[in-house]
Every structure is written in structure tokens, then in C-alpha cells.
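Read the numbers this way: they start at 1 and go in the same order the structure lists the ligands and their atoms. FYI, side chains are in, hydrogens and waters are out, and symmetry mates aren't considered; it's all heavy atoms of this structure.
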Amino acid sequence: MVEVIEASVLRTADYIDKEALDPRVMEAMGTVPRHEFVPEAVKSSAYEDRPLPIGQGQTISQPYIVALMTDLMHPGPEQKVLEIGTGSGYQAAVLAELIDKVYTIEIIEELGEQAADRFRRLGYDNITSRVGDGYYGWEEHAPFDAILVTAASSHIPPPLIKQLKPGGRMVIPVGGHFMVQQLVLIEKTEQGKIITHQILPVRFVPLTGDH
Ligand code: SAM
């Protein structure tokens, strides 16, 4: 799986402006047991570089996209990060290999509870999860060094911008359900200015909720 991701990175080098991702990110991708995060019925495909169904009409993201989003946020050990869209918990586990404190929010109760059980079972004690609408972030633990949104939104949620530290980075797919979405990197400068970069076209399930 790691070799396939490396090949996809090379193939998309023009979009992402590099020919290889941070070696620490690739090491984390090689460490987290993806088969522990997928339902029994698709376990034999766990190490294929594609999204897989996890129930409730949701998916575990494609490993290449997980690696790319993790690389774009410039993970560092001392950081505190927020993920919106826990899903299976796989992306949060990859983050937890690299970062001290990971917070993650899932809107579908059953998925959120399954992921919390998985974190406990696999010993990811630096992940704190809850069920709720991630559009509003997690004010109590803000500000965050980085925020990663793993469902597509029509716009960048203002509460998330607010909860990002100056100097922080956010990665989010932006676009409608039936439209081409763009993976967007947002940088908040030390002065609080917002700079956005479109990285590449992607396809994510939508960010839901009544915001
Ligand atoms: N990060 C996940 C993983 O590693 O398995 C994949 C996430 S899946 C592509 C997107 C997830 O976002 C779904 O589980 C969906 O229920 C969740 N979601 C959608 N809208 C949300 C919201 N407003 N707040 C929190 N989670 C949301």
C-alpha cells in the first residue's frame, strides 16, 4: 500500500508540488493497521489504495488522500489537532502516530461509538473523540495547530477558521455533493490573515448537519 501511495504521489507531483511526502507520514501509513478499521466484509481489500464502505453510507478515505492531507498539515509531535468526520477512525489513528493530542468529531452516533471502542482496543490513548456536528469545531479545546475536515463542505466553516491558531493550517474538501470538489489548504498567518491554496480535485461524502 505504501508503495502504491508513493507512485500516486509521483503521478500527482504537478498538483502537489513535490515528488515525495514527509517520510514520517509514510512511516505512519505503514504502521497503522488499516484492516482494523474496516468491516469484516471488505477486510481483504483493506490495503488497496481506494475508499471502502464502513456502513451508514459512509467511507474510509483512500490511503493516498489520507497521506496527502496529513502531509499538507505539517504534523509535529507537540501539536494539538482537530479532525472533523471520524468515520472509521483511521485518519485519526494516522494523526495519532505523529501528534501528541488528536481530537475528532463524528456526526453519526453509531460510527462515533464504534471508532471510540476501536481507539480503546488499539491503545490510541492520545485520541479524544465525541459525537456531534463538527461544523462548529470543539471550542473547549481550541485553538488548534491544525484542522482536518474529511467531508466536503460548500464553504469553509467560519467556526473552524476561528478555532485555528495563528500560524495554523487547515485542510478541507470544498464543493457540492455532485460537483467536482477541490482539496483546499488554508493557512492562517501569525497576523491572522487567511491564505487559501487549491491542491487537487477530490471526491468526498458531504459534510452534513443543520448549520
Ligand atoms: N476520516 C474518516 C476515516 O478515516 O475513516 C473518513 C471520513 S468519511 C469520508 C466522512 C465522515 O464525516 C463520515 O463518517 C460522516 O458521517 C462524517 N461527517 C459528515 N458531516 C459531519 C459533521 N457535520 N460533523 C462531523 N462528522 C461529519
Side-chain angles (χ1 to χ4, degrees), residues 1 5 25 28-29 31-39 42-43 45-73 75 81-99 102-119 122 124 127-139 141-142 144 146-161 163 170-177 181-183 201-211:
M1 185 187 85
I5 297 172
V25 172
M29 296 302 297
T31 303
V32 178
R34 194 170 185 248
H35 67 274
E36 295 282 4
F37 294 81
V38 299
V42 292
K43 270 212 197 313
S45 303
Y47 294 97
E48 291 173 14
D49 189 27
R50 61 183 175 97
L52 295 168
I54 56 169
Q56 312 282 331
Q58 304 303 322
T59 52
I60 178 173
S61 305
Q62 178 190 355
Y64 160 75
I65 292 290
V66 172
L68 175 62
M69 290 177 81
T70 308
D71 179 273
L72 284 168
M73 55 183 278
V81 305
L82 174 67
E83 179 202 20
I84 310 303
T86 316
S88 68
Y90 178 69
Q91 171 76 74
V94 170
L95 295 174
E97 294 287 335
L98 299 158
I99 290 164
V102 178
Y103 293 90
T104 180
I105 307 176
E106 169 59 49
I107 203 164
I108 299 177
E109 191 172 347
E110 193 177 327
L111 290 180
E113 285 173 359
Q114 276 172 10
D117 284 346
R118 211 167 261 143
F119 297 145
L122 300 174
Y124 284 105
I127 304 178
T128 308
S129 63
R130 76 169 170 90
V131 170
D133 187 347
Y135 181 91
Y136 302 101
W138 200 334
E139 186 68 57
H141 299 292
F144 299 97
I147 299 178
L148 222 156
V149 183
T150 66
S153 178
S154 60
H155 61 280
I156 299 162
L160 298 185
I161 294 279
Q163 291 176 26
M170 175 166 20
V171 183
I172 177 170
V174 178
H177 193 15
Q181 303 155 1
Q182 283 290 330
L183 191 64
V202 285
R203 181 138 43 124
F204 275 83
V205 294
L207 190 76
T208 57
D210 49 15
H211 45 264

Is there at least one pair of N or O atoms, one from Gly134 and one from ligand 1, spaced under 3.5 Å apart?
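Yes, there is a polar N/O contact under 3.5 Å.
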Start with the C-alpha distance between Gln114 and Ile54, add both sets of side-chain angles, then the distance that settles side chain to side chain contact (heavy atoms under 4.5 Å, CB included), and finish with yes or no.
CA-CA 11 Å; Gln114 276 172 10; Ile54 56 169; over 6 Å; no
Tell me whether ligand 1 is touched by Gln56 - counting only heavy atoms on the residue side and a distance under 4.0 Å.
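Checking ligand 1 against Gln56, which is what was asked, there is no heavy-atom contact under 4.0 Å.
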Show me which atoms of ligand 1 lie under 4.0 Å from any heavy atom of Leu111.
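Every atom of ligand 1 under 4.0 Å from some heavy atom of Leu111: 14 (O).
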Distance-only N or O hit between ligand 1 and Ile54, under 3.5 Å
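No, there is no polar N/O contact under 3.5 Å.
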Residue-ligand contact Val94/ligand 1, heavy atom below 4.0 Å
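Contact absent.
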Starting from atom 18 (N) of ligand 1, which protein heavy atom do you reach first, and at what distance in Å?
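For atom 18 (N) of ligand 1, the nearest protein heavy atom comes out as Ile107 CG2, 3.8 Å.
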Would Ile84 and Leu82 count as a side chain to side chain contact (heavy atoms under 4.5 Å, CB included) here? Give the steps.
CA-CA 7 Å; Ile84 310 303; Leu82 174 67; 3.7 Å; yes
Proximal candidate to atom 3 (C) of ligand 1 [heavy atom criterion; set Pro157, Ser88, Ala152, Pro206]:
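Looking at heavy atoms only, the winner is Ser88.
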With a 4.5 Å limit on heavy-atom distance, are the side chains of Ile172 and Pro157 in contact?
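Contact flag for Ile172/Pro157 side chains = yes.
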For ligand 1, does Gln58 get within less than 4.0 Å through its side chain, its backbone, both, or neither, judged by non-hydrogen atoms?
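Just the side chain.
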Distance-only N or O hit between ligand 1 and His211, under 3.5 Å
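No, since none of the N or O atoms of His211 sits under 3.5 Å from an N or O of ligand 1.
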Which label fits His35 and Tyr47: parallel for a plane angle under 30°, tilted from 30 to 60°, or perpendicular past 60°?
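Judged by the thresholds at 30° and 60°, the geometry between His35 and Tyr47 is tilted.
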Hey, does Ala115 sit under 4.0 Å from ligand 1 if you only count heavy atoms?
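Per 4.0 Å heavy-atom rule, Ala115 does not contact ligand 1.
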Say whether Gln91 and Thr70, considering side chains only, have a donor N or O and an acceptor N or O under 3.5 Å apart.
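Note: Gln91 and Thr70 side chains meet the donor-acceptor criterion.
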Using heavy atoms and a threshold below 4.0 Å, how should the contact between Thr150 and ligand 1 be classified: side chain, backbone, both, or neither?
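Within the 4.0 Å criterion, Thr150 contacts ligand 1 through backbone and side-chain atoms alike.
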Can you tell me the protein heavy atom closest to atom 14 (O) of ligand 1 and the distance?
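The protein heavy atom lying closest is Glu106 OE1, 2.7 Å.
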Around atom 12 (O) of ligand 1, find the nearest protein heavy atom and jot down its residue, atom name and distance.
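Looking only at protein heavy atoms, the one closest to atom 12 (O) of ligand 1 is Gly85 CA, 3.2 Å.
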Decide whether a cation-pi geometry holds between Arg118 and Tyr124; the criteria are a distance under 6.0 Å from NZ or CZ to the six-membered ring centre and an angle within 45° of the ring axis.
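No, Arg118 does not lie over the aromatic ring of Tyr124.
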With heavy atoms of Tyr90 as the reference, note each atom of ligand 1 found under 4.0 Å away.
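Near Tyr90, meaning under 4.0 Å from one of its heavy atoms, ligand 1 has 4 (O).
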Quick check on contacts: which atoms of ligand 1 are under 4.0 angstrom from a heavy atom of Gln91?
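Checking each atom against Gln91, I get 1 (N), 4 (O).
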Is it the case that ligand 1 has an N or O less than 3.5 angstrom from some N or O of Ser61?
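No: no nitrogen or oxygen of Ser61 is under 3.5 Å from one in ligand 1.
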Hey, does Thr86 have a side-chain heavy atom less than 4.5 Å from the side chain of Phe119?
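Result yes, sub-4.5 Å side-chain heavy-atom pair found.
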